[in-house]
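Reading through the structure tokens given below for one structure.
Just so we're on the same page: letters track the sequence lines, and every chain starts at 1.
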Protein chains: 2
Amino acid sequence: MNQSAKTFPPPPSAESDDALRTETTTGAIGYRLRRAQLSVFQKFLAFFDEFKLRPAEYSVLVLIDDNPGRKQTEIAEVLGIKRANFVTLVHGLEERGLVERIPSAQDKRANALHLTEAGRAFLATAQARHARLEEETVQRLGGPAARAQLLELLDRLI
Amino acid sequence: MNQSAKTFPPPPSAESDDALRTETTTGAIGYRLRRAQLSVFQKFLAFFDEFKLRPAEYSVLVLIDDNPGRKQTEIAEVLGIKRANFVTLVHGLEERGLVERIPSAQDKRANALHLTEAGRAFLATAQARHARLEEETVQRLGGPAARAQLLELLDRLI
DNA sequence: TATTGTTATACTCTATAACTATA
DNA sequence: TATAGTTATAGAGTATAACAATA
């Protein structure tokens with residue numbers, strides 16, 4: 001699995017004047033997690049540049065599509081988004097004609113969230129693109145087994 | 001920890017009115033990465049509550065300790081922090097008496113960063129605490145082999 | 001001309017309080 | 001009393017532009 005030698009810091013004797021010693025920092029799990037997450041999100045943003053779609057917006061569209069008619073609070077809570085902040089997010093999607101807020105008949109306080117026809121078409125394209133991104137990511141990981149391994153390990157950190 | 005099996009979505013036939021279908025969203029690598037990273041950072045913040053220390057500040061202290069005398073730009077760049085934003089960060093550490101900015105003799109534009117005596121003492125305590133956090137995290141992962149596996153997989157995502 | 005540290009500024013994300021209308 | 005959606009606001013984190021001093 002591991003090619004060979006993990007490049008170790010310059011031997012303690014060789015005090016180079018340019019390379020910094022980063023082992024202590026990069027040895028931390030949280031640090032590596034953060035760097036990886038930032039990198040993956042950067043790739044997402046670049047990959048979805050023409051879609052003008054952020055990761056959070058994409059997950060909201062997917063979640064509404066899989067759970068049409070749900071309240072804002074329900075969708076927001078699943079994603080760990082505060083309902084106050086979710087207002088702005090869903091408002092943006094509504095302005096783009098992708099999402100509808102339909103006043104609930106049973107509970108006049110609530111809005112039932114639905115994708116518009118345009119929203120469904122948009123999401124279908126986005127999901128096809130996302131599938132290619134995931135595919136590429138799985139390849140980088142080393143295949144489906146490596147992906148499953150990663151997801152399992154990540155779950156243990158929550 | 002986990003009661004029994006991985007709770008799968010309600011079988012397609014049983015359309016419960018409360019549980020949401022989240023498989024599509026949670027199947028994405030980026031989504032899981034983000035959730036895990038947020039969780040790990042939350043644990044860091046809780047664990048270092050009395051230290052009033054954020055992950056970025058901790059990594060800066062570690063990096064200065066391992067590379068005393070380096071310029072702000074060098075430390076900032078390694079951590080992916082813009083030098084403009086690094087000014088505020090290092091200023092805070094200086095105000096707390098942990099870091100010194102010593103004007104460089106060779107390059108009068110630059111500040112050489114050093115830990116103060118108090119900074120070294122503080123970092124020693126923080127690192128001991130961090131070691132316990134890492135230990136706990138490794139246990140959650142399933143041991144040192146699982147940790148190595150995770151770091152290897154994360155590296156492939158960068 | 002280029003770099004270092006700095007200031008100013010803006011934009012995103014996130015968090016809390018408080019309001020309204022309903023329940 | 002509690003909840004759903006909303007507004008306002010404040011705090012981080014991050015990004016760019018521009019400047020003075022120095023290289």
Side-chain angles (χ1 to χ4, degrees), chain A residues 18 30-31 33-35 37-39 41-42 44-46 48-49 52-60 64 67 69-95 99-114, chain B residues 18 20 30-31 33-35 37-39 41-42 44-46 48-49 52-60 64 69-95 99-114:
Chain A
D18 37 297
Y31 179 81
L33 247 185
R34 174 173 170 266
R35 299 304 293 240
Q37 188 259 312
L38 286 176
S39 173
F41 267 47
Q42 278 305 114
F44 183 101
L45 288 172
F48 280 88
D49 190 40
K52 298 282 176 234
L53 200 61
R54 303 169 171 287
E57 294 170 330
Y58 176 70
S59 59
V60 166
I64 296 177
N67 303 275
R70 293 296 190 145
K71 294 184 291 186
Q72 294 186 188
T73 306
E74 291 177 304
I75 302 291
E77 200 214 300
V78 169
L79 296 173
I81 301 172
K82 295 270 180 292
R83 73 188 196 280
N85 298 325
F86 192 73
V87 172
T88 315
L89 203 168
V90 87
H91 185 66
L93 295 174
E94 197 176 32
E95 276 190 330
V99 166
E100 285 181 309
R101 277 191 267 213
I102 302 179
S104 168
Q106 305 103 35
D107 185 341
K108 290 186 187 170
R109 296 170 301 178
N111 291 335
L113 295 178
H114 294 271
Chain B
D18 37 297
L20 273 78
Y31 178 82
L33 247 186
R34 173 172 171 269
R35 298 304 294 239
Q37 189 259 314
L38 285 176
S39 173
F41 267 47
Q42 277 305 114
F44 183 101
L45 287 172
F48 280 88
D49 190 40
K52 297 283 177 234
L53 200 62
R54 302 170 171 288
E57 294 170 329
Y58 176 70
S59 59
V60 166
I64 296 178
R70 292 297 189 143
K71 294 184 293 187
Q72 293 185 189
T73 305
E74 292 177 302
I75 301 291
E77 201 214 301
V78 169
L79 296 174
I81 301 174
K82 296 271 181 286
R83 71 187 196 284
N85 298 324
F86 191 72
V87 171
T88 315
L89 203 169
V90 87
H91 185 64
L93 296 174
E94 198 177 30
E95 275 191 329
V99 166
E100 285 181 309
R101 278 191 268 213
I102 301 177
S104 167
Q106 306 103 37
D107 186 341
K108 290 187 187 169
R109 296 170 302 179
N111 291 334
L113 295 178
H114 294 271

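- B:Asn111 comes within 4.0 angstrom of the backbone, heavy atoms only, and of no base.
- Of the side-chain N and O atoms in A:Thr73, one or more sit less than 4.0 angstrom from OP1 or OP2 of D:dG5.
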B/S/- along nucleotides 18-23 of chain D (protein heavy atoms under 4.0 Å) is B--BBS
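- Of the two residues near DNA chain C, B:Val90 and A:Asn85, the one whose nearest nucleotide lies more 5' is B:Val90.
- The footprint of chain B on DNA chain C, defined by a heavy-atom cutoff below 4.0 Å, extends from C:dA2 to C:dT14.
- The side-chain contact (heavy atoms from CB on, under 4.5 Å) test applied to A:Val78 returns A:Leu63, B:Leu20, B:Thr22, not counting sequence neighbours.
- Interatomic distance, CG of A:Leu45 versus NZ of A:Lys52, reported as 10.5 Å (0.5 Å rounding).
- Listed by chain and number, the residues in a salt bridge (charged side-chain N to carboxylate O under 4.0 Å, His left out) with B:Arg109 are B:Asp107 (sequence neighbours excluded).
- With sequence neighbours excluded, no residue satisfies side-chain hydrogen bond (donor to acceptor under 3.5 Å, both in side chains) with A:Thr73.
- Between the CD1 atom of A:Ile102 and the C1' atom of D:dG5 there is a distance of 16 Å, rounded to whole Å.
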Could you go through A:Val60 and A:Glu57, starting from their C-alpha distance and side-chain angles, then the distance that decides it, and tell me whether this counts as side-chain contact (heavy atoms from CB on, under 4.5 Å)? CA-CA 5 Å; A:Val60 166; A:Glu57 294 170 330; 5.6 Å; no
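- Taking atom NZ of A:Lys82 as the reference point, atom C1' of D:dA4 lies 16 Å away to the nearest angstrom.
- Remark: B:Glu77 engages no residue in a side-chain contact (heavy atoms from CB on, under 4.5 Å) (not counting sequence neighbours).
- For the pair A:Leu38 and A:Val87, nearest-nucleotide mapping onto DNA chain D gives the more 5' position to A:Val87.
- Following rounding to the nearest Å, B:Arg54 (CZ) and D:dT14 (P) show an atom-to-atom distance of 11 Å.
- Legend: residues meeting side-chain hydrogen bond (donor to acceptor under 3.5 Å, both in side chains) with B:Gln72, ordered by chain and number and at least two apart, are B:Arg101, B:Asn111.
- Applying the salt bridge (charged side-chain N to carboxylate O under 4.0 Å, His left out) criterion to A:Glu100, with sequence neighbours excluded, gives no partner residue.
- Listed by chain and residue number, nothing satisfies the side-chain hydrogen bond (donor to acceptor under 3.5 Å, both in side chains) test with A:His114 (two or more places apart in sequence, or in another chain).
- Here D:dT6 presents its P atom at 12 Å from CG of A:Leu89, a figure rounded to the nearest Å.
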